[in-house]
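FYI, side chains are in, hydrogens and waters are out, and symmetry mates aren't considered; it's all heavy atoms of this structure. First the proteins, then the strands, lettered A, B, ... as listed; each starts at 1.
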Amino acid sequence: MAVVSNGTTIIDAGSLGASIASGPMNLLSSQTASGSANISFTSGITSAYKEYLFSFHNIHPATDGAKFGFQFNASGESGFNETLTSMYWRTYNNEAANSAGTGYVTSEDQAQGTAFTILDGGVGADADQCTAGHVKLFDPSNTSHVKHFIFRGTHYDVNNFVADVFVGGYVNTTAAITEMQFKFSSGNIDAGTIKMYGIK
Amino acid sequence: MAIISNGTTIADAGSFASGLVNADQILIKELTASSSANLTFVHGTSSVVLDGTYPIYVFKYINIHPASIAQFTVNFRDGGSNYDAVKTTTALNPYNNEDDDGGIYYREAWDLAQSTSAQILAQELGNGNDESASGELYLFNPSNTTFVKHFVGDTNYYQNFGKTGSFGIHYSGYCNTTSAIDGVQFAMSSGNIDSGTIKLYGIKDS
C-alpha cells in the first residue's frame, strides 16, 4: 500500500518515493568490471552537485604491474584527454620489512598533460592483489574556474608492497566536466567496482 | 493529508518533516561568498549547529576565489567572540608547477605552535579568473570539554606566485583548549573572498 501525502507518493512498494528528499550523499551509479577495457561515467555529472565522490574497491588488473588511472571529458568535446596538472606522493612498506618510506614521485605527476592521472605504482595481478581508493571531484560544472580533484588510495604493488598514495590536481579548463573514465595503463580491468556519489 | 506519529508530524504536503532525512551525513548550512570579508559558522546562529549534536563536523570549501593573491585561512572560536583558539598544527605541501617542477615539503612557515593565528589552508591562492581552491576540513567533537579538539584537512589549489601550478596542503592539528569550539571562521589573509561556497555537514555516530 502506498502512503500518499497531498498527492505525492511518500512510500510505495518498499521504497521512498523518487521525489522525496534524501541525505546529502547520494549513490548515482555503480559499475562492476568484468574484463572491461574501462569504466566510464558518461552521464550524471551535472550541476546538481558541487562534489562528486568516486569510490572504487577490489580493482584487479588483467596485466601484472598495470597502473590504474582516470581522465575527464569536458562538455562539447570528445575523448578523455583534458589538460591537467597534478601531483603524486606516497608512503610505502614492503612485505619483507626492509624497504619503507615516503616521497614525491615525479614520474607519476603531470604538468599540463593530457594523459591519464596515475593512482599507483603498478598493481599486482596475482589473484588476491588489487587497489582501492576514492577520488573527490569538486564543482565539475563550474564554467569560471579550474576543476580541483583529490585522491587517496592504497594498492598491493606488483613488487609486493603496500603504498598509500595521495594525488591532487586540477583540470585546467573552464568548460564543464561531464564525463570521467577509469582504466589501466595496459590491459583490462579484470574485476572491481566503482561507485559514483553526488554530495549535495 | 499529514502523517502524524505519536504527535510528531512525519510527513506533510508531500515532504518529510524537516530533520527527518534518513542519512548519516547531514547538510547543516551552506554559505556563499560574494566579496565577503569572511564566511563564518557560529553555533545557534542562522540555523548553524556546531555542538554535541554530531561527533564529527565536515566543512567543504569549493572554488574559493580571492579578490587578491593571499592565504586562505581558518580559525576557531573557543569562547567570547574572537576567533583565536590556541592551536598546534602540521602542514605538508605537495606541489607540481605547470612547468613540471614537482615535490613535497613540510612547511614550517605554514604550521602553528601554540599560536592564536589562523591556520593556512592555501598559500598564495591565485586570483586569476579561473583560479581557486577546494578541499575539506574535518573537526572532531568540538563540544567536548575534556580533551583538545582535533582537526584534519586537505586542500588542492591553484597557486599563483612566481610559478603557477597545483598545490596541496595536508594539514592537521588541535585546538589546545578544553573549552567548546562553537564557531569556525574562514577568511583570506588580506582582501575579500570574491566567490566560493562552504558547506557544513554533521556526521552521526548513531
Side-chain angles (χ1 to χ4, degrees), chain A residues 3-11 16-17 19-26 49-51 83-90 102-113 136-139 142-152 166-175 197 199-200, chain B residues 1-3 10-16 18 20-28 30 58 60-65 92-105 126 128-136 154-158 164-170 195-197 199 201 204:
Chain A
V3 177
V4 179
S5 172
N6 206 33
T8 298
T9 299
I10 302 291
I11 301 170
L16 292 176
S19 63
I20 301 304
S22 56
M25 183 172 175
N26 294 305
Y49 300 93
K50 280 194 174 287
E51 180 187 354
T83 298
L84 38 90
T85 294
S86 64
M87 53 211 179
Y88 178 113
W89 72 279
R90 50 84 178 99
T102 185
Y104 189 91
V105 184
T106 56
S107 60
E108 309 290 22
D109 67 14
Q110 283 202 81
Q112 300 296 86
K136 296 176 180 179
L137 173 64
F138 295 98
D139 210 3
N142 186 293
T143 54
S144 297
H145 304 301
V146 300
K147 316 301 182 295
H148 294 283
F149 55 83
I150 294 172
F151 165 79
R152 184 176 183 180
F166 300 79
V167 172
Y170 53 76
V171 191
N172 199 354
T173 180
T174 55
Y197 300 87
I199 314 278
K200 289 181 182 172
Chain B
M1 181 188 76
I3 301 170
I10 303 296
D12 194 14
S15 298
F16 279 113
S18 175
L20 207 66
V21 174
N22 183 23
D24 293 327
Q25 180 174 320
I26 304 297
L27 176 60
I28 297 170
E30 175 176 339
V58 187
K60 304 268 187 175
Y61 38 95
I62 300 170
N63 274 335
I64 301 297
H65 178 73
L92 189 64
N93 165 222
Y95 67 92
N96 191 25
N97 293 309
E98 292 185 356
D99 62 2
D100 205 12
D101 174 24
I104 188 168
Y105 286 99
N129 287 339
D130 64 346
E131 298 168 1
S132 65
S134 294
E136 59 188 10
D154 295 293
T155 307
N156 199 85
Y157 67 100
Y158 195 117
T164 60
S166 179
F167 274 55
I169 298 183
H170 305 295
S195 63
T197 300
K199 297 185 174 195
Y201 301 88
K204 296 177 181 177

Requested in this report: Please state whether the side chain, the backbone, both or neither of B:Glu131 comes within less than 4.5 Å of a heavy atom of chain A.
Outcome: backbone

Query raised in the report: Which residues satisfy the side chain to side chain donor-acceptor pair (under 3.5 Å) test with B:Lys199, sequence neighbours excluded?
Result: none

Report task. Just say parallel, tilted or perpendicular for the rings of B:Tyr158 and A:Tyr170, cut-offs at 30° and 60°. Result -> parallel

Report task. To the nearest 0.5 Å, tell me how far B:Asn156 CG sits from A:Lys147 NZ. Result -> 13.5 Å

**Report entry** Portion of A:Phe166 that has a non-hydrogen atom of chain B nearer than 4.5 angstrom
**Finding:** side chain

Query raised in the report: Between B:Asn129, B:Asn97, B:Asp154, which residue shows the highest count of heavy-atom pairs closer than 4.5 Å to chain A?
Result: B:Asn129

Query - Non-hydrogen atoms of B:Asn96 and A:Ala111 that approach each other most closely - result: ND2-N, 3.9 Å

Report summary line: Tightest non-hydrogen contact, residues A:Trp89 and B:His170, listed as NE1-NE2, 3.0 Å

Query raised in the report: Atom CD1 in B:Ile64, atom CZ in A:Phe138: separation rounded to 0.5 Å?
Result: 11.0 Å

**Report entry** B:Asp130 side chain vs A:Val146 backbone, donor-acceptor pair below 3.5 Å
**Finding:** no

Query - Shortest non-hydrogen contact from B:Ser166 toward A:Gly169 - result: OG-CA, 3.1 Å

Query raised in the report: Which answer fits A:Lys136, side chain, backbone, both or neither, if we ask what part of it has an atom under 4.5 Å from a heavy atom of chain B?
Result: side chain

Query - Side-chain (A:Asp109) to main-chain (B:Asp100) donor-acceptor, under 3.5 angstrom - result: no

**Report entry** Spacing of B:Lys60 atom NZ and A:Glu51 atom CD [to the nearest 0.5 Å]
**Finding:** 3.5 Å

Query raised in the report: Would a distance-only check, ignoring hydrogens and angles, find a side-chain to backbone donor-acceptor pair under 3.5 Å from A:His148 to B:Ser132?
Result: yes

Report task. Against chain A, label B:Phe167 side chain, backbone, both or neither, depending on which of its atoms sit under 4.5 Å from a heavy atom there. Result -> backbone

**Report entry** Residue selection (most heavy-atom pairs with chain A, distance under 4.5 Å) from B:Pro94, B:Gly103, B:Gly168
**Finding:** B:Gly103

Query raised in the report: Relative to chain A, which segment of B:Thr155 carries a heavy atom at a distance below 4.5 Å: side chain, backbone, both, or neither?
Result: backbone

Query raised in the report: Is it the backbone or the side chain of B:Leu27 that comes under 4.5 Å from a heavy atom of chain A, or both, or neither?
Result: both

Requested in this report: Below 4.5 Å from any heavy atom of chain A, which atoms of B:Ile28 appear? Answer side chain, backbone, both or neither.
Outcome: neither

Query - Option that, when pairs with chain B are counted at under 4.5 Å, heavy atom only, ranks first among A:Thr174, A:Leu84, A:Thr102, A:Ile150 - result: A:Ile150

Query raised in the report: Between B:Ser195, B:Ser134, B:Gly165, which has the largest tally of heavy atom pairs under 4.5 Å with chain A?
Result: B:Ser134

Report summary line: Between the OG1 atom in A:Thr106 and the CD1 atom in B:Ile104, the distance rounded to the nearest 0.5 Å is 13.0 Å

